[in-house]
**Student:** 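I'd like to ask some things about the structure below.
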There are 2 protein chains.
Amino acid sequence: MSITMHDVARLAGVSIKTVSNVVNDYPHIRPETRDRVNSAIDELGYRPNLIARGLRSGRTGVISLIIPDLRNAYFAELADVVMRAADAQGLSVIIEQSGADRDREIGLLGGERKQKVDGILYSALALGEDDAHILNDVTTPLVLLGERIFHGPTDHVTMQNTEGARAATAHLIALGRTRIAVVGAHRGEVIGSAGLRLAGYREALADAGIAYDDELVGEVGGWYRSGGAQAMRLLLDSGAKFDGLVAFNDSMALGAMRVMQEAGLRIPDDVAVIGYDDIDETRYTLPTLSTIDPGKEEIAEVAVRFLLERIGNPGAVIEPREHLAAYRVVVRESSTLPQN
Amino acid sequence: MSITMHDVARLAGVSIKTVSNVVNDYPHIRPETRDRVNSAIDELGYRPNLIARGLRSGRTGVISLIIPDLRNAYFAELADVVMRAADAQGLSVIIEQSGADRDREIGLLGGERKQKVDGILYSALALGEDDAHILNDVTTPLVLLGERIFHGPTDHVTMQNTEGARAATAHLIALGRTRIAVVGAHRGEVIGSAGLRLAGYREALADAGIAYDDELVGEVGGWYRSGGAQAMRLLLDSGAKFDGLVAFNDSMALGAMRVMQEAGLRIPDDVAVIGYDDIDETRYTLPTLSTIDPGKEEIAEVAVRFLLERIGNPGAVIEPREHLAAYRVVVRESSTLPQN
DNA sequence: CTGAAAGCGCTAACAC
DNA sequence: GTGTTAGCGCTTTCAG
């Protein structure tokens, strides 16, 4: 029913192989032959069948991106940049949501669906160090996004959590703030984002000779707006005094800011605030939110590149690489000193 | 290199056809044979090659979802529900972003990539009535999401824009508000979301015998938070008095609320506010935002079903169908009457 | 109920 | 430079 290479070959009076050569830009073809084939292609409206090509070549031109949840602005934006980076390389992206559920995160890696893709960008949240062995069984090229919870056999592209949080905190300190609260800690966590960012916060305090005060550290279950709001309410109720706030992501920062504004605190005058992630929304709030740009574009671009390198060298044993994206302190109104 | 049906057949001592029958749950197989094949499958760890199957059957088990932009919370949430609905049917979803760019919207429909999918869910923003003919050339099963700008040959699943906006306005009127402002209008637009929702607003006013006042209608370029904020600033500067606000989407409502709060207006006491879309965020703001739930889940579920019906009946001429999802007024704090 | 064989449309040796 | 041929792994007539 659809037009095949045979049809083109017949019309052009050449063999199917020649058609294939033309379609694939094989270099050594007589220009005259090439033209004849091309006009036959145009005349028939021939389009190569990508599935057949995939069967033959073992490539599909599709990669998958496994993330917890698109409803989370950070992951939606990550997906956005990954799709742009993939698009630039001629790849399509299948997105799969794990819901941050461990079983699903594992299931997605093992399922049959991964056959349909050349490689996987994998952002796991619920998997822990103990699950690292799971990655060994995956033969599909894989690049890990997010925390380095694993020391597995895969490439890993991530952000500088500790350094970013340290810079955020140092920024507030440079503003003259000394009582700096935190929202988003997970007690006892060391290796996840919360643990790494808390470490950065502590480092910055230490650098400035400011004592760490446990009372100023607000714990949060989920890193959502509501969590930030709730943690801030507790902080305010506790009577603790503070003039700065580092939120471990932007959503929590926004939730906390709301609560502070309701309580009559002025931002940044009374409390200077900085978040993390640089989600779009931070540009539109009142006041606009200072934040750490974790380098999402770079993460996406490098991850896709790593993946393509592995896809392109199937047999090759490439030493697992790690890439840390450059972060950037983005100063907006929430941490800009009042004019006077 | 990978295990094929031949390997299984050899081990089980049957023909490749029998293996195929077992794998595809073909009914008439002797249980004994089936068991033998199944244990061979288990022993070898055989997994059917989906690409090869796709080549043969013409199906890939993948659909694509074309949307303007994942950064927009509405589309991120739409993508989320579409992926869940597709997942429930065993389908994977490739997401493609058009950036609301007309050329790209058209290009995505014509490109080679669509070969890799069985069907397309298409949410176009920049395409107009004049572009309807483009859909005629698309042979891939297609379901339109969003405004009915086209009267093309395809199924169409959308929300009840006019009715939803009317219900939103009526809700504020029922609260006793009579000076109801609008944010999100597009002057002169009739057929897009802005035009349809404005029509609903006017209908509700007319129903209540309230005169339409052009001064209360705020225009906005893009339906983002910043647009809502800006429109509200203009409205306040104009000196117009109002006690209610209908925003044509939630993002704009949030932007406008911020500006009102800065200006010292209390919500809902001074101004009752309602948005549109029921994005997640509306549950976490202060106050929480009343809104219209446009029935995203239903839209996704029906759209996937329509698409599957077309995919499943390749030759069949199915009369283009239209489905309007049920909407729902979601009352939250921003439009809840004060206790006294 | 099961086997043999013919492709789906393409790519890649290997000839000529 | 170009043609021939053999599959990629699977489904699907058609026999038996």
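Below, chains carry the letters A, B, ... as their sequence lines are ordered, and counting in each starts from 1. Atom set for the values below is all heavy atoms of this structure, side chains included, hydrogens, waters and symmetry mates excluded.
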**Student:** Tell me the interatomic distance from Ile51(A), atom CD1, to dC10(D), atom P, rounded to whole angstroms.
**Tutor:**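 It works out to 15 Å between those atoms.
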**Student:** Looking at every heavy atom in both Arg104(B) and Asp101(B), which two are closest together, and how far apart are they?
**Tutor:**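 Scanning both residues, the minimum pair turns out to be N-OD2, 2.9 Å.
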**Student:** Between Leu55(B) and Lys17(A), which has a closest nucleotide on DNA chain C that is more 5'?
**Tutor:**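 Comparing both residues, the 5'-ward one is Leu55(B).
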**Student:** Salt-bridged, Arg305(A) to Glu298(A), with N to O below 4.0 Å?
**Tutor:**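 Looking at Glu298(A) together with Arg305(A), the answer is no, because their closest N to O distance does not fall below 4.0 Å.
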**Student:** Could you state the CZ-P distance from Arg30(B) to dC1(C), rounded to the nearest angstrom?
**Tutor:**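 To the nearest whole Å, that distance equals 8 Å.
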**Student:** Using a strict threshold of under 4.0 Å (side-chain N to carboxylate O), is an ion pair present between Asp87(B) and Arg84(B)?
**Tutor:**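 Answer for the salt bridge query: no.
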**Student:** Would you mind reading off the distance between His6(B) atom NE2 and dG9(D) atom P, rounded to a whole angstrom?
**Tutor:**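 Going from NE2 in His6(B) over to P in dG9(D) covers 10 Å.
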**Student:** Are Lys17(A) and Tyr26(A) in a cation-pi setup, meaning NZ or CZ lies under 6.0 angstrom from the ring centre and within 45 degrees of the ring axis?
**Tutor:**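 Cation-pi check for Lys17(A) and Tyr26(A): passes.
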**Student:** If you check every side-chain atom of Ala52(B), which of dT11(D), dC10(C), dG9(D) has the closest atom?
**Tutor:**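 That would be dG9(D).
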**Student:** Using a 4.0 Å heavy-atom cut-off, does Thr4(B) contact any base of the nucleic acid, only the sugar-phosphate backbone, or nothing at all?
**Tutor:**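 Sugar-phosphate, backbone atoms only, no base.
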**Student:** Does OP1 or OP2 of dT11(C) have a side-chain N or O of Arg53(A) closer than 4.0 Å?
**Tutor:**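 So the side-chain polar atoms of Arg53(A) do come within 4.0 Å of the phosphate oxygens OP1 or OP2 of dT11(C), strictly under.
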**Student:** Between P on dC10(C) and CG on Asn49(B), what's the gap in Å once rounded to a whole number?
**Tutor:**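 Taking atom P of dC10(C) as the reference, CG of Asn49(B) is at 17 Å.
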**Student:** To the nearest Å, give me how far apart CE (Met5(A)) and P (dG3(D)) are.
**Tutor:**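 After rounding, the gap between these two atoms is 13 Å.
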**Student:** Taking only side-chain N and O atoms of Asn24(A), does any of them lie within less than 4.0 angstrom of OP1 or OP2 on dT11(C)?
**Tutor:**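 Yes, such a contact exists.
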**Student:** Base, sugar-phosphate, or nothing for Ser57(B), non-hydrogen atoms under 4.0 angstrom?
**Tutor:**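 Touches nothing.
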**Student:** State plainly whether the residues Asp118(B) and Arg310(B) are in salt-bridge range, i.e. N to O under 4.0 Å.
**Tutor:**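 Looking at Arg310(B) together with Asp118(B), the answer is no, because their closest N to O distance does not fall below 4.0 Å.
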**Student:** Which part of the nucleic acid, if any, lies within reach of Val23(B) when heavy atoms closer than 4.0 Å are counted: base, sugar-phosphate only, or nothing?
**Tutor:**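 Since no nucleic acid heavy atom lies under 4.0 Å of Val23(B), the category is nothing.
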**Student:** Roughly how many Å is it from OH in Tyr26(A) to P in dC14(C), rounded to a whole number?
**Tutor:**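 So the OH-P distance, Tyr26(A) to dC14(C), works out to 13 Å.
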**Student:** Under 4.0 Å between a side-chain N/O of Ser15(B) and OP1 or OP2 of dT2(C), yes or no?
**Tutor:**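 No, outside the criterion.
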**Student:** For dG3(C), does OP1 or OP2 lie under 4.0 Å from any side-chain N or O of Thr18(B)?
**Tutor:**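 Thr18(B) to dG3(C) OP1/OP2: side-chain N or O found under 4.0 Å.
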**Student:** Looking only at N and O atoms, is any donor in the side chain of Arg56(A) or the base of dG7(D) less than 3.5 Å from an acceptor on the other one?
**Tutor:**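 By the distance-only test, yes, there is a pair.
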**Student:** Please classify the nucleic acid contact of Ile29(A) as base, sugar-phosphate, or nothing, using heavy-atom distances under 4.0 Å.
**Tutor:**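 Here Ile29(A) touches the backbone only, sparing every base.
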**Student:** Report the distance from atom CG of Asn21(A) to atom C1' of dG3(D), rounded to the nearest whole Å.
**Tutor:**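 Rounded to the whole Å, the gap is 10 Å.
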**Student:** Would you say Thr33(A) reaches dT2(D)'s phosphate, i.e. side-chain N/O to OP1/OP2 under 4.0 Å?
**Tutor:**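 True: Thr33(A) side-chain N/O within range (under 4.0 Å) of dT2(D) OP1/OP2.
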**Student:** Expressed in angstrom and rounded to an integer, what is the separation of Arg59(B) atom CZ from dG9(D) atom P?
**Tutor:**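 Roughly 23 Å, once rounded to whole Å.
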